[in-house]
Amino acid sequence: MRMRIAFGVLIVVWTVLLTRVYYLSIKTGDYYAQIAEQNVLKTEKIPPIRGQILDRRGRPLAVNKLGFSVLIKHHIKKQEIIDAEIAALVECFPDLNATKLAREYKRNDSPYNQDFVEVIDFIDYDKMLTSFAKLSFRENLEIRPISKRFYPHNELASHVVGYVGRANLKDVEIDPTAKLTGQMGRSGVERYYHELLQGESGERKTRVTALNQEIEQVSYKKPSSSDIVLTLDMELQEYLAEAFGDQVGAAVVMDLRDGAILAAASFPEYDLNPFVTGISKTQWEEIMENPDHPFTNKLVNSLYPPGSVVKMTMGMAFFASGKIAPTTRIMCDPYYELGGRKFRNWRDWGYSNMTIVDALRESCDTYFYRGAHSVGIDVITDTLVRFGFGSKTGVDLPNEYVGVAPGREWKRARLRQPWYQGDTLNTSIGQGNFLVTPMQVAKNTAYFASGLEVTPHFLWKVNGEEVKFENRDVLTPAEKSQIEYVRKGMYEVANVQGGTARRTLEPANVVIGAKTGSAQVVGISQTDKKRIKEEAMEYYQRSHAWITTYAPFEAPRYVVTVLVEHGAHGGGAGGPVAAKIYNKLIEMGYIEEKYLKKKK
């Protein structure tokens with residue numbers, strides 16, 4: 001009996017053991033094989049090198065500067081060892097601050113950190129070269145090759161090119177590759193095309209021993225990124241900055257064939273390079289406290305009343321109503337009275353019946369007051385939207401503002417107020433709640449120059465392959481025929497006696513179509529008998545000055561739009577800049593000789 005019990009126990013034990021062996025070897029074999037594979041295979045992510053940004057002639061706008069970062073071994077308990085390593089670094093690079101290096105090490109070190117601690121994020125390649133061998137022999141130091149974004153032109157085209165900054169935790173959550181590269185596009189093209197420029201990380205798998213010694217490379221995937229070429233011409237861009245001088249504002253030079261922007265700037269500009277590794281508090285405060293807002297991209301992120309540069313579109317609204325034809329004559333006089341209020345002309349006028357051509361040439365406000373009162377705001381709002389106001393242009397810059405094409409629904413939803421007839425009159429001359437960006441005005445001008453909808457853009461090529469942008473034919477045959485009258489008015493603005501830009505655009509060696517505008521920033525009291533001259537006002541109370549143009553007039557190819565903040569008069573402040581730009585386009589071969597003015 002006892003033998004039977006003993007044999008029974010043995011059988012049960014062996015059955016359990018055999019069952020367990022079967023389970024471990026057969027049933028869960030794959031599982032443990034995977035664990036074993038993980039123990040012998042090491043996967044290393046390889047960060048991509050950010051793509052370069054070049055101008056249309058291959059000149060670098062954003063490149064990667066080669067250098068090194070320096071790290072000290074983690075969790076060193078003896079302070080004298082840390083001090084010795086820092087002293088060795090300061091000996092090689094006397095401009096380093098030992099106290100700051102020690103503070104950086106202490107801040108980033110912890111018992112949980114198993115990697116070397118970075119104390120110097122970047123030292124230039126040439127600077128490190130003489131000390132590389134000496135420092136490499138120190139067992140507590142590690143020198144790693146690294147690249148840093150560099151902007152060769154510093155502040156030139158800063159709002160277009162943009163900059164990269166250090167990636168934070170939020171960035172890493174959105175984009176895991178940012179953890180490897182340590183940087184994110186923060187503004188301009190660097191931000192808009194961040195994914196293209198950053199690319200994808202690579203991967204390297206190696207077989208290692210239990211002591212983490214590499215035996216062989218199993219697989220390798222190369223990291224990838226894209227170089228991009230912009231439509232900008234930096235020679236023209238540099239000249240634009242020179243022509244603009246110390247004025248504050250924005251300017252756009254656009255090719256009408258496909259919307260390629262040859263030059264564009266927001267003034268004042270700022271140096272991009274300090275932002276790559278982190279700008280100092282003093283530098284940041286200096287930028288933010290500047291009343292001219294150098295950090296704001298005025299091309300797409302500032303809103304201004306358009307003033308009289310909206311009058312071409314306003315004329316199209318009049319024609320769309322069916323109440324006013326291009327040849328209809330409307331009184332132009334010193335003021336138009338409505339509801340006991342006098343809506344004044346921009347200057348004292350006589351009394352003259354004008355067509356749209358005359359009204360554009362002399363920028364007569366009362367022509368547009370009367371026309372707007374006749375057709376009403378609904379037709380006006382629809383036409384403004386149709387010609388590009390109150391919507392994004394589609395330009396490849398981040399956070400483009402929509403602006404405001406005012407109307408009944410907008411005012412009710414936004415301000416919870418009814419629409420008044422006085423609002424209609426203010427809208428007709430680009431004042432009141434009407435707000436636009438310089439990029440919108442450039443796109444709007446393209447409708448009248450080419451008869452097509454043009455999408456402004458900066459991207460030209462990706463890895464050598466051209467990216468196509470096509471214009472859209474969105475206007476009706478009737479609108480295209482009516483535009484001819486607007487074009488004639490724009491011609492007379494720049495070329496006929498009484499035109500508001502004739503004198504300032506006269507130095508240009510090509511025939512131009514243009515429209516000027518002055519956008520008030522402060523109201524004028526009804527009690528003032530005579531309008532105060534802009535020159536007599538304090539600087540920040542003067543009107544913004546607009547001029548938007550296209551040329552050659554007989555074969556439109558380029559739009560040049562200029563906004564000068566507090567420039568008073570569009571022709572006086574922006575006209576000379578536009579004229580210089582056209583002459584530079586001629587000098588650089590963008591405008592053919594056959595389109596030049598004939599010498600008298």
- Query: Does a side-chain N-to-carboxylate-O contact under 4.0 Å join Arg59 and Asp233?
  - Reply: yes

- Atom pair CD1 (Ile586) and CD1 (Ile581), whose distance is rounded to the nearest 0.5 Å: 11.5 Å

- Item | Heavy-atom side-chain contact between Ile380 and Met314 under 4.5 Å | yes

- Task: Give a yes or no on whether a salt bridge exists between Arg57 and Asp55, defined as a side-chain N under 4.0 angstrom from a carboxylate O.
- Result: no

- Taking the six-membered ring for Trp, are Phe448 and Phe387 ring centroids under 6.0 Å apart? yes

- Take Tyr163 and Glu190 through the side-chain contact (heavy atoms from CB on, under 4.5 Å) test and state the conclusion after the steps. CA-CA 6 Å; Tyr163 65 90; Glu190 285 275 33; 5.5 Å; no

- Query: Would Tyr401 and Gln440 count as having a side-chain donor-acceptor pair, cut-off 3.5 Å?
  - Reply: no

- Task: Scan side-chain atoms only and decide if Thr355 and Thr327 contain a donor-acceptor pair under the 3.5 Å cut-off.
- Result: no

- To the nearest 0.5 Å, what is the distance between CZ (Phe368) and CG (Asn426)? 15.0 Å

- Item | Note: Arg386-Glu479 ion pair, threshold 4.0 Å (strictly below) | yes

- Query: Got a second to check how far Asp473's CG is from Leu452's CG, nearest 0.5 Å?
  - Reply: 5.5 Å

- Task: Indicate the ring-plane relationship of Tyr367 and Phe318, choosing parallel, tilted or perpendicular according to the 30° and 60° boundaries.
- Result: tilted

- Message: Counting C-beta onward and ignoring hydrogens, is there a side-chain heavy-atom pair between Glu470 and Asp258 closer than 4.5 Å?
- Response: no

- Item | Non-hydrogen side-chain atoms of Asn444 and Met312 separated by less than 4.5 Å | yes

- Query: What do you reckon, is CD of Glu285 surrounded by more than 12 foreign heavy atoms closer than 6.0 Å?
  - Reply: yes

- Task: Measure across His457 and Thr231 and return the closest heavy-atom pair with its distance rounded to 0.1 Å.
- Result: O-OG1, 3.4 Å

- Are Arg344 and Asp365 within salt-bridge range, i.e. N to O under 4.0 Å? no

- Message: Applying side-chain contact (heavy atoms from CB on, under 4.5 Å) to Asn154 and Leu272, what does each step give before you reach the verdict?
- Response: CA-CA 6 Å; Asn154 299 313; Leu272 296 168; over 6 Å; no

- Query: What are the two closest non-hydrogen atoms of Asn583 and Pro507, and how far apart are they?
  - Reply: ND2-O, 3.2 Å

- Message: I'd like to know if Lys443 and Glu453 make a salt bridge, using a cut-off of under 4.0 Å between side-chain N and carboxylate O.
- Response: yes

- Task: Report the C-alpha distance between Val310 and Phe389 in whole Å, list the side-chain angles of each, state the deciding distance to 0.1 Å, and finish with yes or no for side-chain contact (heavy atoms from CB on, under 4.5 Å).
- Result: CA-CA 10 Å; Val310 77; Phe389 293 116; 4.0 Å; yes

- What are the two closest non-hydrogen atoms of Ala501 and Thr516, and how far apart are they? CB-CG2, 3.6 Å

- Query: Rounded to the nearest 0.5 Å, what separation is found between the CD1 atom of Ile261 and the CD atom of Gln237?
  - Reply: 10.0 Å

- Query: Looking only at side chains, do Thr500 and Ser363 share a donor and an acceptor under 3.5 Å apart?
  - Reply: no

- Over all heavy atoms of both residues, which pair between Pro326 and Gln482 is shortest? Give the atoms and the distance, please. CG-CG, 4.3 Å

- Below 4.5 Å, heavy atoms only, C-beta onward: do Ile228 and Leu197 meet side chain to side chain? yes

- Note on the structure: Interatomic distance, CD1@Ile279 vs CG@Asp271, rounded to 0.5 Å, equals 8.5 Å

- Item | Flag side-chain contact, heavy atom, 4.5 Å: His159 against Val300 | no

- So do Thr548 and Trp546 actually touch side chain to side chain, heavy atoms under 4.5 Å? no

- Please check if the distance between the ring centroids of Phe267 and Phe244 is under 6.0 Å. yes

- Audit row: Val510, Ile512, side-chain contact (heavy atoms from CB on, under 4.5 Å) steps and yes/no: CA-CA 6 Å; Val510 63; Ile512 297 169; 4.1 Å; yes

- Note on the structure: So CG of Asp396 and OG1 of Thr393: to nearest 0.5 Å the spacing works out to 9.0 Å

- Task: Inspect the contact between Lys584 and Glu587 and indicate whether a charged nitrogen and a carboxylate oxygen are less than 4.0 angstrom apart.
- Result: yes

- Query: Any side-chain heavy atom of Val253 within less than 4.5 Å of one from Leu236?
  - Reply: yes

- Is any side-chain heavy atom of Leu61 closer than 4.5 Å to a side-chain heavy atom of Leu54? no

- Item | Minimum-distance pair of heavy atoms, taken over all atoms of Pro294 and Glu269 | CB-O, 4.3 Å

- Message: Taking the ring centre of each residue, are Tyr582 and Tyr558 less than 6.0 Å apart?
- Response: no

- Pair Arg408 + Asp423: basic N to acidic O under 4.0 Å: no

- Task: Examine Tyr270 together with Phe275 and report whether their ring centres are nearer than 6.0 Å.
- Result: yes

- Message: Regarding Glu492 and Arg502, does a basic nitrogen lie under 4.0 Å from an acidic carboxylate oxygen?
- Response: no

- Message: Parallel, tilted or perpendicular: which one describes the rings of Trp284 and Phe295, with boundaries at 30° and 60°?
- Response: perpendicular

- So which heavy atom on Lys298 is nearest to which on Val248, and how close? CE-CG1, 3.8 Å

- Item | Donor-acceptor side-chain pairing of Ser543 and Ser518 below 3.5 angstrom | no

- Task: Verify the distance criterion only: is there a donor paired with an acceptor across the side chains of Thr296 and Asn301 at less than 3.5 Å?
- Result: no

- Task: Compute both the distance and the angle, then confirm whether Arg412 meets the cation-pi test with Trp419: under 6.0 Å from the six-membered ring centre, within 45 degrees of the axis.
- Result: no

- Item | Arg341 to Phe343, cation-pi by 6.0 Å centre distance and 45° axis angle | yes

- Got a salt bridge between Asp333 and Arg370, using NZ or NE/NH1/NH2 to carboxylate O under 4.0 Å? yes

